[in-house]
Amino acid sequence: MLDVLNPLRPNMTTYVATAYRTHTLGEIQSDGAKLVGQEVTVAGFMEANRGKGAICFVDLRDGTGKTQVFLKADNVGDESLDMVQRMTRESTLQFIGTVSQKRPPKAKEGEPVPPPAYEVVANSVTVIARAEAPLPLGVTDTVHVALDTRLDNRFLDLRRAHVAAMFRLRGKVLQYGREALINEGFFETHTPKIVATATEGGTDLFPMQYFDTPAYLNQSPQLFKQLCMSGGLERVFEVGPAFRAEKHDTYRHLNEFISFDMECSWATDGDVMGVLERMIHHMWDSVSKDEESQQHIITINQYRATQGEEPVEVIVPELPFPRVSYCDAIDIIKKKGGKIEWGDDIDAENSDLLAEDLPQFYFLPQWPMELKPFYIHHVEGEIGSTGKQLSRGFDLNFGRDELTSGGQREHRMDVLIENLKDMELDPEEFEFYIAGFRHGVPPHAGWGLGVERILMKLTGAKNVRETVLFPRDRKRICP
RNA sequence: GCCCGCUUGGUGUAGAGGUUAUCAUGCAGGAUUGUCAUUCCUGCGACCCGGGUUCAAUUCCCGGAGUGGGCGCCA
């Protein structure tokens, strides 16, 4: 019969598996006072063992925390004690024992007495899996490990506290993003990742075989979420993978990344910029208030301290974010001595100049039409200093890095077809998309946010690969 | 695709045309210890591959592979 709820803890409202452990190690620490004297079964990875004589201490770690297990030959027998003393680090062990308060460490005079801590005095031990030695990377060692070594052995890298904290935070950030959009009347949906045509042109796609038909992995949900607008769904969002076959090799690019996309009918670029900044504000605000999220930040900072790095700070951004139009950005860059002309894209060097005064979030609205994709909307008469047409397309940057690109979309079919021709794309190849406009589409706007990039900004990661479990880049497809 | 670095024990590093290749971490053994960033002692373990220069190359040169950074492009 299934234990629907753990009988030992009737106040728990979530299912607790009890086949391999009756208590988590986190519970031993948090509920230790109540558990003293009680027999428990605990399990986890052996972080370290100390003691070669008739006693031995094991630092045991599971997903919830750490607890020391105390072994005496009198309790577990000579054979078991010897086995544990010879056990390799990171082996998976299970102990049955009694919870007791640890003997307090010898506090020096004048120093505060530490709060009571709890341990498990073992009566028996079971080896679930012995870890092979040596480890390809040290889980608790403070020696620096190269990213490539870490990614080759990601399963072990994930056992490191600050790495696990990163991925738990990633889950939190996605949760907060969803909350923010759902609260504004959006609902989550999904679009296909296998497509028949080059969706936006330009970007290189990964070709694949779809039965007898050539196909591609989709670079973006863009055109499909617009079709949702044609369908009257009005407010949708999607969190899903996007694939780009570009041979880039930088700290901020991946060939598979997660795009947080939204699309909104009866809205302008300004409207969806508001949705975006409120969502990001909610993410940062929630992380700063949520106890677990704060603990993850602390864990990351503890590691950073061992590497001589500055701690990351979660600074909740003020609303509204600064808005620096493309035209103003060009002026600012020129004043700072950057080489740029109206109509140029803002390259990395010039982004650094902008970031000098804008180190955090800021919008770059109203790009020239010719720098934005064919589906971006423009209003006749909105022109730049050189008389060229502006668009309703915007970027969201954090310092030098682009996090989001978005805009109001072109809903007028005739203009859309003209735009395609202007950008030397063949309207016939976009027939599946244009068909969605034949019967009318509400004016709409939206954006796509790079999840990994925003996580870099939150956690201080210097490389986007750190924020992905198993990153896919130019050279890495395994594991 | 272009430009610039790097490649030394399991991990991360120092370093030199020649003798025993540094340090940290790790691992093994020992001493001490209800330990807790333990401490102490002893030991183990490495110069990416191919070619060239040289009496001698892990070190210099060329090529390859791998890897890191920058750029373009983008999220």
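All values below were derived from every heavy atom in this structure, side-chain atoms included, with hydrogens, water molecules and symmetry-related copies excluded. Just so we're on the same page: letters track the sequence lines, and every chain starts at 1.
As judged by a 4.0 angstrom heavy-atom cut-off over every strand, A:Asp152 is placed among residues making no nucleic acid contact. Here A:Ala242 lies out of heavy-atom contact (under 4.0 Å) with every strand. Nucleic acid contact class of A:Gly138 (heavy atoms, under 4.0 Å, all strands): none. As judged by a 4.0 angstrom heavy-atom cut-off over every strand, A:Phe70 is placed among the base-contacting residues. Contact annotation for A:Leu254: base contact, defined as any heavy-atom pair under 4.0 Å involving a base atom. Residue contacts for A:Ser259: at a heavy-atom cut-off of 4.0 Å it reaches no nucleic acid atom on any strand shown. The residue A:Asp347 sits close only to the backbone: its heavy atoms come under 4.0 Å of sugar-phosphate atoms, none of a base. Backbone-only contact: A:Leu403 has heavy atoms under 4.0 Å from sugar-phosphate atoms and none from a base. Residue contacts for A:Ala348: at a heavy-atom cut-off of 4.0 Å it reaches the sugar-phosphate backbone alone, with no base atom in range. Across all strands, A:Arg89 comes closer than 4.0 Å only to sugar-phosphate atoms, never to a base (heavy-atom distances).
Between A:His253 and A:His248, the ring-plane angle classifies as parallel under the 30° and 60° cut-offs. Between A:Tyr303 and A:His162, the two ring planes are parallel [angle under 30°; tilted spans 30° to 60°].
B:G29 atom C1' lies 13 Å from atom CD of A:Gln85, rounded to whole Å. Rounded to whole angstrom, the span from the NZ atom of A:Lys475 across to the C1' atom of B:U7 amounts to 13 Å. As a whole-Å value, the separation of A:His144 NE2 from B:U11 P is 14 Å. One can place CD of A:Gln101 at 19 Å from P of B:G34, the figure rounded to the nearest angstrom. Rounded to whole Å, atom P of B:A75 lies 13 Å from atom CG of A:Leu205. Rounded to whole Å, atom C1' of B:G72 lies 9 Å from atom CZ of A:Arg252. Separating the CG atom of A:Leu147 from the C1' atom of B:C6 is a distance of 15 Å, rounded to the nearest angstrom.
A:Glu277 has a carboxylate O that lies under 4.0 Å from a charged side-chain N of A:Arg323, or vice versa, which qualifies the two as a salt bridge.
For B:C71, one of the phosphate oxygens OP1 or OP2 lies less than 4.0 angstrom from a side-chain nitrogen or oxygen of A:Arg400. At the phosphate of B:C73, neither OP1 nor OP2 sits under 4.0 Å from any side-chain N or O atom of A:Thr250. Contact annotation: A:Asn463 side-chain N/O to B:G69 OP1/OP2 distance is under 4.0 Å. Under 4.0 angstrom from either OP1 or OP2 of B:G29 there lies at least one side-chain N or O belonging to A:Arg86.
The separation of B:G17 from B:C60, taken at their C1' atoms, amounts to 8 Å, rounded to a whole angstrom. Atom C1' of B:G29 sits at a distance of 22 Å from the matching atom of B:C23, rounded to the whole Å. As rounded to the nearest Å, B:A16 and B:C73 have C1' atoms that lie 44 Å from one another. Nucleotides B:C47 and B:A57, compared at atom P, are 16 Å apart to the nearest Å.
The side-chain heavy atoms of A:Phe95 and A:Val76, taken from C-beta on, include no pair separated by under 4.5 Å. The shortest side-chain heavy-atom distance between A:Phe363 and A:Asp395 does not fall under the 4.5 Å cut-off. Annotation: side chain of A:Ser100 is in contact with side chain of A:Glu119 (closest heavy-atom distance under 4.5 Å). Counting only heavy atoms from C-beta outward, the side chains of A:Arg170 and A:Val451 approach each other to under 4.5 Å. Between A:Thr189 and A:Phe237, the closest side-chain pair of non-hydrogen atoms is not below 4.5 Å.
Without hydrogens or angle criteria, A:Thr88 side chain to A:Ser91 main chain gives no donor-acceptor distance under 3.5 Å.
Heavy-atom contacts from other residues, nucleotides or ligands closer than 6.0 Å to CD1 of A:Ile477 number 12 or fewer.
Side chain A:Lys102 to base B:C36: a donor-acceptor pair is found below 3.5 Å. The base of B:C71 does not come close enough to the side chain of A:His248 for any donor and acceptor atom to sit less than 3.5 Å apart. In terms of polar N and O atoms assigned as donor or acceptor, the side chain of A:Arg50 never comes within less than 3.5 Å of the base of B:G34 in a complementary pairing. For B:G34, its base sits under 3.5 Å from the side chain of A:Glu119 at one donor and acceptor pair at least. A:Arg244 contributes a side-chain N or O that forms a donor-acceptor pair with the base of B:A75 under 3.5 Å.
Checking A:Asn255 against A:Val145, the closest nucleotide of RNA chain B that is more toward the 5' end is the one next to A:Val145. Nearest-nucleotide assignment on RNA chain B puts the 5′-proximal partner with A:Arg476, out of A:Arg476 and A:Asp345.
Under the stacking criterion of a centre-to-centre distance below 5.5 angstrom and an interplanar angle below 30°, A:Phe257 sits stacked against the six-membered ring of B:A75.
The A:Gln68 side chain lies nearest to B:G34 when the options are B:A75, B:U67, B:G34.
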Worksheet, complete the sentence: Per-residue pairing states of RNA chain B in dot-bracket (Watson-Crick or G-U under 3.5 Å; . unpaired, | other strand) read (((((((..(((.....[....)))((((((.......))))))...(((((..]....))))))))))))....

